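Sharing a structure, written as structure tokens. Questions coming.
Given the structure is predicted, the values throughout are model-derived calculations rather than measurements.
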Amino acid sequence: MRSNQPGGRGDTRNATINRELTTVLAVLGAAVEWGACEANPARDYNRRFTRERRESIHPPSSADVEAVITRCPGLFASMIRFLAQSGCRQKDAGRRRSPA
């Protein structure tokens, strides 16, 4: 696995490395339990080098949301109001369907 660390290609994100490392760790842990191998080398991997960087989320102010809503037609205004009040992502809000 190569990360964005010096010497790596820089095309694999740390979150991906950590997720895959967790899978490898579990598989090798099971192999040790079953006697298929004696040690789990994935335990020795130092995750300090693959810490995930998380950017802060700064939601828009109520005034900004209202300014956008006043400029949107009908259902778009309703969707924006729904997104602002629920914290739902735009992609997920578009998938919602009313009960039949």
Task: Contacts of Thr23 that satisfy side-chain hydrogen bond (donor to acceptor under 3.5 Å, both in side chains) - sequence neighbours left out - done: none
Contacts table for residues 33-41: side-chain donor-acceptor under 3.5 angstrom, sequence neighbours left out:
from: Asn40; atom 1: OD1; to: Ala42; atom 2: N; distance (Å): 3.1
from: Asn40; atom 1: ND2; to: Leu25; atom 2: O; distance (Å): 3.1

Open item on the list: If the condition is side-chain contact (heavy atoms from CB on, under 4.5 Å), which residues does Ser62 pass it with, not counting sequence neighbours?
Closed with: none
Open item on the list: Out of the candidates Val24, Thr16, Ile17, only one should pair with Glu20 under the side-chain contact (heavy atoms from CB on, under 4.5 Å) rule; please name it.
Closed with: Thr16
- [ ] Go through the structure and list residues passing side-chain contact (heavy atoms from CB on, under 4.5 Å) with Asp44, not counting sequence neighbours.
- [x] none
- [ ] Scan for side chain to side chain donor-acceptor pair (under 3.5 Å) pairs involving residues 75-86, sequence neighbours excluded, and state none if there are none.
- [x] none
TODO: Apply side-chain contact (heavy atoms from CB on, under 4.5 Å) to Ala15 and list each qualifying residue two or more places apart in sequence or on a separate chain.
DONE: Glu52
Extract all donor-acceptor atom pairs below 3.5 Å that involve side chains of residues 65-74 and protein atoms in other chains or at least two apart in sequence.
from: Thr70; atom 1: OG1; to: Glu66; atom 2: O; distance (Å): 3.4
from: Thr70; atom 1: OG1; to: Ala67; atom 2: O; distance (Å): 2.8
from: Arg71; atom 1: NH1; to: Ala67; atom 2: O; distance (Å): 2.7

- [ ] Nearest 0.5 Å please: distance from the CG atom of Leu75 over to the CD1 atom of Ile80.
- [x] 11.0 Å
